[in-house]
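All values below were derived from every heavy atom in this structure, side-chain atoms included, with hydrogens, water molecules and symmetry-related copies excluded. Note that the structure is predicted; figures quoted are calculated from it, not measured. Numbers here are sequence positions counted from 1. All ligand and atom numbering here is 1-based and tracks the order in the structure.
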Amino acid sequence: MNPVKPSPLAASQEAAAVPRDTLTLTDNRTGKQYEIPITHNTIRALDLRQIKVNANEFGMMSYDPAFTNTAACISRITFIDGDAGILRYRGYPIEELAEKSSYLETAYLILYGELPTKAQLEEWIYHITHHTFIHESIKKFLDGFHYDAHPMGMMISTIAALSTFYPDAKDIFNAESRRKQTWRLIGKMPTLAAFAYRHSLGMPYAYPDNELSYAGNFLNMLFKTTELKYRPNATLERALDILFILHADHEQNCSANAMRCVGSSHVDPYSATAAATAALYGPLHGGANEEVLRMLLEIGSLAHVPEYIKCVKAGEKRLMGFGHRVYKNYDPRAKIIKRIAYQVFELMGRNPLLEIALECERIALEDEYFVKRKLYPNVDFYSGLIYQSMGFPVSMFPVLFAIPRTSGWIAQWEEMLLDPEQKIARPRQIYLGHDKRSYVPIDRRG
Ligand code: ACO
């Protein structure tokens with residue numbers, strides 16, 4: 001018996017019915033079809049390059065300003081589900097880490113993928129603690145800054161300057177060297193930050209105290225005055241440590257992207273961290289908590305909140321600390337921070353701006369403008385109020401973000417370096433400028 005030969009139409013229908021991990025694209029300019037593999041719900045942009053009208057064309061690209069729908073790497077560090085409000089480091093929910101872990105333990109987890117054993121944690125803390133001192137010459141850089149220099153500007157410059165003190169850091173493919181720079185960077189960030197702060201006050205620098213915890217020593221370097229031994233308040237020390245855990249990493253945000261992008265040129269990690277810190281300085285990123293405080297001060301009283309919200313809805317202002325590129329739900333970090341805020345206020349007294357913040361939040365969570373756009377409080381909305389109550393000036397807020405984020409930046413940098421698929425970051429462009437034209441001598445120009 002002759003087999004029944006299916007008609008071409010039936011065959012194509014059958015083929016279409018069998019699920020395959022591919023995407024079929026039809027170029028309507030040529031009628032040609034292309035079958036592109038799908039992996040992890042993603043297509044490779046380079047697979048589009050085969051789509052051409054003429055053989056000598058460059059080929060098709062994807063256009064994605066601000067990378068809103070482009071995965072630039074494969075990562076195993078941090079997971080965010082922005083719609084569900086989920087944040088996990090190496091699989092561990094942020095809520096559990098904030099409750100049970102310490103910043104240095106979390107930094108180890110982020111960097112090395114697993115929670116440390118007791119011995120590993122002790123060794124890790126020992127190395128970080130013994131790399132907190134900075135070269136005395138760094139103080140000369142700090143002294144060169146004007147008394148009112150923004151501490152983030154001082155941080156960016158002094159982090160970059162560290163690269164000149166540690167030329168061994170250029171050996172980026174040497175695991176031992178990377179480990180050492182990691183201890184140095186995580187260890188020295190609080191020292192640079194505290195020294196920048198003391199410089200702005202004209203106070204003598206307070207040196208690290210190895211008997212204190214990471215957060216406790218930072219408070220010591222910031223606030224020590226005449227006492228022989230500074231003893232940090234346990235509530236403030238733990239609050240700061242939790243804030244550090246919450247800020248340790250946040251996958252491919254603007255500053256992590258800067259770290260990866262600059263690091264992809266194979267520059268040393270200090271220079272790349274200075275670039276990441278610069279990215280964090282901007283008011284749309286790490287500068288937002290500073291902007292929140294300024295906004296609350298500008299609103300000034302509960303009675304002025306509706307008027308301010310009206311301006312936001314009219315597009316004249318932004319409600320700082322609201323909205324996020326990936327969270328379209330309550331930022332899970334904001335929930336934890338709100339709890340810490342009350343613990344700190346209990347000790348330090350209620351921040352008078354809290355009432356204004358709560359009223360902004362209450363209105364925004366009910367108002368159609370914010371609900372429709374899924375604008376919820378982000379990590380920065382309450383962190384500024386806590387920092388202010390702890391005695392930090394507003395300009396130190398982004399610095400308090402940069403210190404813990406250093407562990408995330410290094411983890412992102414190392415993952416990028418060791419990924420065989422990564423190369424120097426080099427996006428494409430769509431050129432819409434002039435076509436070729438001839439130089440016009442100055443006396444013949446319009
Ligand atoms: N206040 C008022 N309206 C806002 C706000 C806000 N804070 N954020 C977004 N919107 C509106 C936009 O005007 C836009 O409205 P439209 O659709 O009518 O034009 C819509 O919501 C979408 O906003 P986009 O700017 O497209 O969202 P994007 O994802 O690009 O921006 C960002 C995210 C930058 C965080 C933004 O929400 C913002 O500027 N927020 C205030 C600054 C802030 O708090 N940043 C901290 C972020 S968290 C961090 O970096 C640690």
Side-chain angles (χ1 to χ4, degrees), residues 64-70 78 80-83 85-87 89 94 152 243-259 276-296 298-299 305-338 353 356-357 359-387 394 396-409 412:
D64 188 9
F67 310 124
T68 51
N69 198 38
T70 294
T78 293
I80 300 176
D81 180 338
D83 291 325
I86 291 173
L87 169 62
Y89 300 151
I94 191 68
M152 274 303 261
L243 285 160
F244 282 177
I245 294 173
L246 301 183
H247 286 89
D249 192 52
H250 212 234
E251 54 118 309
Q252 306 312 312
N253 54 82
C254 178
S255 56
N257 184 54
M259 184 82 188
T277 310
L280 190 71
Y281 192 4
L284 297 188
H285 191 9
N289 51 16
E290 187 173 343
E291 295 302 317
V292 171
L293 245 270
R294 293 194 202 288
M295 175 189 80
L296 295 176
E298 184 191 333
I299 297 173
V305 173
E307 184 57 31
Y308 192 88
I309 298 280
K310 212 167 129 193
C311 294
V312 170
K313 287 163 66 176
E316 292 159 20
K317 293 183 189 287
R318 282 216 153 189
L319 189 57
M320 299 311 287
F322 262 72
H324 198 277
R325 174 59 60 77
V326 291
Y327 292 119
K328 302 302 168 195
N329 199 325
Y330 214 103
D331 182 336
R333 298 167 301 173
K335 277 189 198 153
I336 301 168
I337 282 186
K338 204 171 165 182
L353 296 177
I356 303 176
E359 183 62 3
C360 287
E361 181 184 339
R362 188 191 65 74
I363 297 184
L365 291 180
E366 286 171 1
D367 192 293
E368 203 214 330
Y369 175 94
F370 297 91
V371 173
K372 210 173 95 197
R373 289 170 179 77
K374 300 188 175 168
L375 299 171
Y376 292 90
N378 60 47
V379 67
D380 289 318
F381 194 61
Y382 287 103
S383 63
L385 291 176
I386 303 179
Y387 295 145
V394 173
M396 278 296 284
F397 295 179
V399 173
L400 293 161
F401 192 154
I403 294 170
R405 184 54 62 87
T406 303
S407 55
W409 288 331
Q412 298 286 344

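Shortest contact from atom 4 (C) of ligand 1 to any protein heavy atom: Leu375 CD1, 3.5 Å. The protein heavy atom nearest to atom 42 (C) of ligand 1 is Met320 CE, 3.4 Å. Residue, atom and distance of the protein heavy atom nearest to atom 35 (C) of ligand 1 are Gly323 O, 3.7 Å. From the protein, the heavy atom lying nearest to atom 49 (C) of ligand 1 is Asp380 OD2, 3.8 Å. For atom 50 (O) of ligand 1, the closest non-hydrogen atom of the protein is His285 ND1, 3.1 Å. Here the protein heavy atom with the shortest distance to atom 47 (C) of ligand 1 is Asn378 ND2, 3.7 Å.
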Discussion item. Could you walk me through whether Phe381 and Phe322 satisfy the ring-ring contact (aromatic ring centres under 6.0 Å, His included) test, starting with their C-alpha distance in whole Å, then the side-chain angles of each, then the deciding distance to 0.1 Å, before giving a yes or no?
Written reply: CA-CA 7 Å; Phe381 194 61; Phe322 262 72; 5.0 Å; yes
Fill in: Verdict with reasoning, Leu400 to Asn289, per side-chain contact (heavy atoms from CB on, under 4.5 Å)
CA-CA 10 Å; Leu400 293 161; Asn289 51 16; over 6 Å; no
Practice prompt. May I have the step-by-step check of salt bridge (charged side-chain N to carboxylate O under 4.0 Å, His left out) for Lys317 and Glu298, ending in yes or no?
Written response: CA-CA 12 Å; Lys317 293 183 189 287; Glu298 184 191 333; 3.0 Å; yes
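Rounding to the nearest 0.5 Å gives a distance of 12.0 Å between CG of Leu353 and OH of Tyr382. Here the OG-OH distance, from Ser407 to Tyr89, works out to 7.5 Å after rounding to the nearest 0.5 Å. Note that CZ of Arg405 is 5.5 Å distant from OG of Ser255, once rounded to the nearest 0.5 Å. To the nearest 0.5 Å, atom CG of residue Leu319 and atom SG of residue Cys311 are 11.5 Å apart. Atom-to-atom distance recorded for Asn329:CG and Tyr376:OH is 5.5 Å, nearest 0.5 angstrom.
Taking a distance limit of 4.0 Å, we find that atom 22 (C) of ligand 1 is approached by no protein heavy atom. Inside a 4.0 Å radius of atom 19 (O) of ligand 1 there is not any protein heavy atom. By the definition of a contact as any protein heavy atom under 4.0 Å away, atom 26 (O) of ligand 1 is not in contact. Within a 4.0 Å radius of atom 30 (O) of ligand 1, the protein contributes one or more non-hydrogen atoms.
Taking any N or O of Leu319, backbone or side chain, at least one lies under 3.5 Å from an N or O belonging to ligand 1. At under 3.5 Å, a nitrogen or oxygen of Phe322, whether backbone or side chain, sits near a nitrogen or oxygen of ligand 1. The distance criterion of under 3.5 Å between nitrogen or oxygen atoms is met by Gly321 with respect to ligand 1. Of the polar atoms of Arg325, at least one N or O is found under 3.5 Å from an N or O of ligand 1, judged by distance alone. The N/O atoms of Tyr369, backbone and side chain alike, include one that comes under 3.5 Å of an N/O atom in ligand 1. Remark: ligand 1 and Arg373 share an N or O pair separated by less than 3.5 Å (distance only, no angle test).
If you look at Asp331 next to ligand 1, there are no close heavy atoms at all, none under 4.0 Å. At a heavy-atom cutoff of 4.0 Å, ligand 1 is contacted by both the backbone and the side chain of Leu284.
Between the side chains of Thr78 and His250, no donor-acceptor pair is found at a separation under 3.5 Å. A side-chain donor from one of Gln412 and Gln252 sits under 3.5 Å from a side-chain acceptor of the other.
No side-chain heavy atom of Ile299 sits less than 4.5 Å from a side-chain heavy atom of Glu359.
Within the listing of ligand 1, atoms 1 (N), 2 (C) sit less than 4.0 angstrom from a heavy atom of Val312. Short contacts between ligand 1 and His324, defined as distances under 4.0 Å to a heavy atom of the residue, involve ligand atoms 33 (C), 35 (C), 37 (O), 48 (S). Close approach to Phe401 involves these atoms of ligand 1, each under 4.0 Å from a residue heavy atom: 51 (C).
Heavy-atom proximity to atom 43 (C) of ligand 1, evaluated over Pro377, Gly287, Ala288, is greatest for Ala288. Between the choices Lys374, Glu291, Arg318, the shortest heavy-atom distance to atom 34 (C) of ligand 1 belongs to Arg318.
Remark: distances from the non-hydrogen atoms of Phe381 to ligand 1 are all 4.0 Å or more.
Between Glu368 and Lys313 no salt bridge is recorded (no basic side-chain N to carboxylate O distance below 4.0 Å). Under a 4.0 Å N-O distance rule, the pair Arg294/Glu290 qualifies as a salt bridge.
Cation-pi contact between Arg325 and Tyr327: absent, since separation from the ring centre below 6.0 Å together with deviation from the ring axis within 45° is not met.
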